[in-house]
Amino acid sequence: MTGQAADSWQVLPAGTFALDGGAMFGVVPRVLWQKVLPPDSEHRVRLGLNCLLVRSGPQVILVETGIGRTGDATFGRRHAPSDEDGLASALAAAGVEPEEVTDVVNTHLHWDHAGGNCRRRPDGSLEPAFPRATYHIQRGEWQFARQASARMKGSYRADDFEPLDRAGRLLLLDGPATIAPGVQVRPAPGHLPFMQVVTVHTETGTLFFPSDLVPTRHHLAPAWGMSFDCEPLVVAAEKRRWLERAARKDWTLLFYHDADAPLARVESAGGRFSLRPAEGD
Ligand SMILES: [Zn+2]
């Protein structure tokens, strides 16, 4: 291994859940988005939770933690999760114990990205679900989540991040950072002011994890954003910038919320982006 490369990565499919299709596609008319992602009878589309596991030397890094345990009846009716605890199953299938995870990266703290950060002890109190891990979060996002405005409150659950602070497992980042050899985070504002994206360089290429900058393969066009985006115009500009870069460098993309085809490569021609299969990954 060179000093700058991670050893390997794999996708951890942590189940699926349903979300209002209109919210997922922002200003895009339903007649357009329903052709690419047909909604169910309650107007919802099915979304993936494609977490990422990276090995780099002695470090075992988890990017995003899914939606967590989903026993709550209201949540179940609203979001119809496919699994009781999808990330735990995916980690077990990969042969990784929670205690072996050394680092957790949350691109942001919305409940569908940080929902599995913590777990309940028998006495009902909360503790980090990965007790030996350092949790890497942008300082701005940490502050934003704690002071969430009325419009954003429904997207955050304090139980997903306050216990990390109490347990002393939090590492707050101020901009770009290296998590391990080959594993970098960089700010990508728009969805939220301090969201971060992840790149993983290995001997065979680079994986790009754009998080909610490009949540599914159907969100490639810069104007196809989400209602949850704080600053849609910033999302459009950042998306164009990152996708141009991914196309030029032939990066593999992992779409966190794509339930059907999470991996692809992107091409850019005439100001438009298109995908091709990520063969060989
Ligand atoms: Zn999301």
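Each residue takes its place number in the sequence, starting with 1. Note that the structure is predicted; figures quoted are calculated from it, not measured. The basis for the numbers below is simple: all heavy atoms, side chains too, and nothing from hydrogens, waters or symmetry mates.
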| Taking the six-membered ring for Trp, are the ring centroids of W111 and F17 within less than 6.0 Å of each other? | yes
| query | Any donor and acceptor pair, going by atom type alone, linking the side chain of N106 with main-chain N or O of L109 inside 3.5 Å? | reply | no
| field | 4.5 Å side-chain heavy-atom contact, R146 and D165 | value | yes
| request: Kindly indicate, with the supporting measurements, whether the criterion side chain to side chain contact (heavy atoms under 4.5 Å, CB included) is fulfilled by W224 and V36. | output: CA-CA 12 Å; W224 282 51; V36 296; 4.1 Å; yes
| note | Here the pair of heavy atoms bringing D103 nearest to A133 is N-CB, 3.9 Å
| query | Between CG of D20 and NE2 of H79, what distance do you get to the nearest 0.5 Å? | reply | 10.0 Å
| task | I would like to know whether R276 and E267 meet side chain to side chain contact (heavy atoms under 4.5 Å, CB included); could you show each step before the answer? | result | CA-CA 8 Å; R276 61 187 167 83; E267 286 172 357; 2.7 Å; yes
| note | In terms of heavy-atom contacts, P98 and R119 come closest through CB-NH1, 4.2 Å
| said: Could you check whether any side-chain heavy atom of P181 comes within less than 4.5 Å of a side-chain heavy atom of Q59, counting everything from C-beta outward? | reply: yes
| Would you say the side chain of V27 lies within less than 4.5 Å of the side chain of P232, judging by non-hydrogen atoms? | no
| field | Atom CZ of R78 with >12 non-hydrogen neighbours under 6.0 angstrom | value | no
| task | Decide whether H257 and H113 meet the rule of one side-chain donor and one side-chain acceptor closer than 3.5 Å. | result | yes
| field | Check: D160 main-chain N/O paired with N117 side-chain donor or acceptor under 3.5 Å | value | yes
| said: With rounding to the nearest 0.5 angstrom, report the CZ to CD1 distance, F194 to I137. | reply: 14.0 Å
| Do you reckon L172 sits in the same ILVMFWY cluster as Y156, going by side-chain contacts under 4.5 Å, direct or chained? | yes
| Within a strict 4.5 Å, meaning less than it, do heavy atoms of the L213 and V235 side chains meet? | yes
| message | Could you tell me if R139 sits above the aromatic ring of W142, with its cationic atom closer than 6.0 Å to the ring centre and no more than 45 degrees from the axis? | response | no
| query | Can you hop from L32 to L47 via hydrophobic side chains spaced under 4.5 Å? | reply | yes
| query | Under a single-linkage definition using a 4.5 Å side-chain heavy-atom cutoff for Ile, Leu, Val, Met, Phe, Trp and Tyr, are V104 and L126 assigned to the same hydrophobic cluster? | reply | no
| task | Could you tell me whether R55 and D7 have a side-chain N and a carboxylate O separated by less than 4.0 Å? | result | no
| Are V234 and V197 connected, step by step, through hydrophobic side chains (Ile, Leu, Val, Met, Phe, Trp, Tyr) whose heavy atoms are closer than 4.5 Å? | no
| side chain to side chain contact (heavy atoms under 4.5 Å, CB included) between F209 and V105, intermediate numbers included | CA-CA 11 Å; F209 188 93; V105 175; over 6 Å; no
| task | Give the intermediate values and the outcome of side chain to side chain contact (heavy atoms under 4.5 Å, CB included) for residues Y256 and C51. | result | CA-CA 7 Å; Y256 182 63; C51 302; 4.1 Å; yes
| task | Write down the atom of V266, the atom of L243, and the distance for their closest heavy-atom approach. | result | CG1-O, 3.8 Å
| Any side-chain heavy atom of N50 within less than 4.5 Å of one from L263? | no
| field | R132 atom CZ, neighbour heavy-atom count above 12 within 6.0 Å | value | no
| request: For A261 and R217, work out which heavy atoms get closest and say how close. | output: N-NH1, 3.8 Å
| query | Where is the tightest heavy-atom contact between V11 and W9, given as atom of each residue plus distance? | reply | CG2-CZ3, 4.1 Å
| task | May I ask you to decide if M24's main-chain N or O and H219's side chain share a donor-acceptor pair within less than 3.5 Å? | result | yes
| query | Is any side-chain heavy atom of D212 closer than 4.5 Å to a side-chain heavy atom of M226? | reply | yes
| query | Which atoms form the tightest heavy-atom contact between Q10 and A94, and what is the distance? | reply | NE2-CB, 3.7 Å
| query | Salt bridge check: are D229 and K239 linked by an N-O gap of less than 4.0 Å? | reply | no
| said: What I'd like to find out is whether the side chain of P193 reaches to under 4.5 Å of the side chain of F144, using heavy atoms alone. | reply: yes
| request: Would you please say whether a donor-acceptor pair under 3.5 Å links the side chains of Q184 and T178? | output: yes
| query | Is it the case that more than 12 heavy atoms not belonging to R272 sit under 6.0 Å from its CZ atom? | reply | no
| note | Interatomic distance, CG@L207 vs CG@L253, rounded to 0.5 Å, equals 7.5 Å
| query | Could you state the interatomic distance from CD (Q138) to CG (L171), rounded to the nearest 0.5 Å? | reply | 10.0 Å
| message | Let me confirm one number: the OG1-CD distance from T107 to E64, rounded to the nearest 0.5 Å. | response | 3.5 Å
| said: Keeping Y135 on the side-chain end and F130 on the backbone end, is there a donor-acceptor pair under 3.5 Å? | reply: yes
| task | To the nearest 0.5 Å, tell me how far D85 CG sits from I67 CD1. | result | 9.0 Å
| said: Do P163 and E127 have side chains that approach each other closer than 4.5 Å (heavy atoms only, starting at C-beta)? | reply: no
| said: Between T65 (side chain only) and G116 (backbone N and O only), is there a donor and an acceptor less than 3.5 Å apart? | reply: yes
